[in-house]
Amino acid sequence: MLILVRHGRTAANKAGQLQGRLDQDLDEVGEQQAVAVAAMVMGIGRVDAVISSPLQRAQQTAAAFGLPVETDERFIELSYGVYEGVKHADVPSEVWNNWRKDFGYVPEGGESLAALDVRVRAACNDLIERASTSNVVVVSHVSPMKAAVAWALGVDIGISWNCHLDHASVCRIDFRDGRPILYTFNETTTIE
């Protein structure tokens with residue numbers, strides 16, 4: 001099974017800021033969430049491998065599993081460019097509209113949802129065989145996780161605007177005859 005885990009909370013998350021590639025550590029709540037989500041996942045079954053985005057918040061969450069952590073750059077968060085560190089409410093409405101209407105939209109210095117989707121789908125495809133025979137945890141971020149869910153469902157990245165993932169949440173993708181099947185979405189622990 002492919003077990004997607006969103007990192008725990010950071011100070012930027014708490015402040016309601018777009019974080020993107022800002023490389024922040026988990027805050028105290030995020031550290032507790034990392035421990036809790038690792039315990040939840042390992043309480044359901046064995047974990048054979050842990051893969052993580054290179055950003056610290058994901059690496060720190062991955063470390064809570066107590067196993068060696070492989071790093072895969074393709075699971076890094078979307079780059080919001082000039083909007084990184086900006087509060088969600090302060091991002092101009094036309095920017096949000098551009099992202100929703102045009103998956104190829106690239107904010108200044110950033111990355112498009114289409115580009116994120118391509119790299120995440122490639123990473124997921126590379127894990128099919130491995131995750132079909134073992135339990136692989138991938139610790140990542142909200143946008144790559146939504147792209148992986150879209151991949152599993154066979155839909156486009158536009159689904160991102162119609163779903164929500166909490167910090168330290170889990171999505172499980174199983175495989176049948178080499179095809180991904182979304183098994184669970186946004187499983188959480190009680191730490192907020």
Side-chain angles (χ1 to χ4, degrees), residues 1-10 13 19 25-26 29-78 113 116-157 159-160 162-192:
M1 185 170 285
L2 179 57
I3 304 163
L4 305 169
V5 175
R6 185 176 178 201
H7 63 81
R9 192 181 81 176
T10 67
N13 295 139
Q19 193 161 243
D25 291 331
L26 298 174
V29 169
E31 290 171 358
Q32 294 170 4
Q33 289 173 330
V35 171
V37 74
M40 179 181 79
V41 169
M42 292 186 302
I44 293 172
R46 77 180 191 286
V47 171
D48 300 303
V50 179
I51 299 169
S52 177
S53 153
L55 296 176
Q56 284 303 306
R57 58 192 184 269
Q59 291 280 324
Q60 291 166 349
T61 303
F65 286 86
L67 295 168
V69 177
E70 303 169 40
T71 299
D72 189 332
E73 297 273 342
R74 296 175 295 182
F75 287 108
I76 197 168
E77 180 59 291
L78 180 73
L113 284 172
L116 171 129
D117 192 44
V118 167
R119 66 176 162 82
V120 171
R121 286 175 188 262
C124 289
N125 282 328
D126 287 349
L127 289 173
I128 291 174
E129 185 176 332
R130 190 175 179 189
S132 293
T133 59
S134 61
N135 292 321
V136 179
V137 168
V138 173
V139 181
S140 189
H141 310 270
V142 67
S143 298
M145 283 181 64
K146 288 179 178 182
V149 167
W151 166 79
L153 293 174
V155 298
D156 67 42
I157 191 68
I159 195 175
S160 295
N162 301 94
C163 56
H164 171 82
L165 289 170
D166 292 307
H167 294 108
S169 62
V170 175
C171 297
R172 297 172 197 268
I173 298 173
D174 205 354
F175 297 90
R176 293 188 192 137
D177 301 321
R179 291 185 42 231
I181 306 292
L182 183 62
Y183 193 74
T184 67
F185 183 83
N186 201 37
E187 293 178 84
T188 58
T189 64
T190 56
I191 297 174
E192 296 180 14

Neighbour count >12 (heavy atoms, 6.0 Å) for atom CD, E129: no
Flag for S53-E77: side-chain donor and acceptor within less than 3.5 Å: no
Min side-chain heavy-atom separation M145-V142 under 4.5 Å: no
Non-hydrogen side-chain atoms of V120 and I157 separated by less than 4.5 Å: no
Side chain proximity check, M42 to L67, heavy atoms < 4.5 angstrom: no
Close side-chain approach of I51 to R130, heavy-atom, < 4.5 Å: yes
Side chain to side chain contact (heavy atoms under 4.5 Å, CB included) assessment of V138 paired with L127: CA-CA 10 Å; V138 173; L127 289 173; 3.9 Å; yes
Student check: side-chain heavy atoms of L165 and C171 closer than 4.5 Å: yes
Check: S132 side chain, F175 main-chain N or O, donor-acceptor pair, under 3.5 Å: no
Option passing side chain to side chain donor-acceptor pair (under 3.5 Å) with H167 (candidates R9, H7, R6, Q33): R6
Heavy-atom check, side chain of R119 versus side chain of E73, under 4.5 Å: no
Lys/Arg N to Asp/Glu carboxylate O, R172 vs D174, below 4.0 Å: no
D72/R74 ion pair, N-O < 4.0 Å: yes
Test item: R57 and Q19 side chains (from C-beta on) under 4.5 Å apart, heavy atoms: yes
Approximate separation, where rounding is to 0.5 Å, of F185 CZ and K146 NZ: 7.0 Å
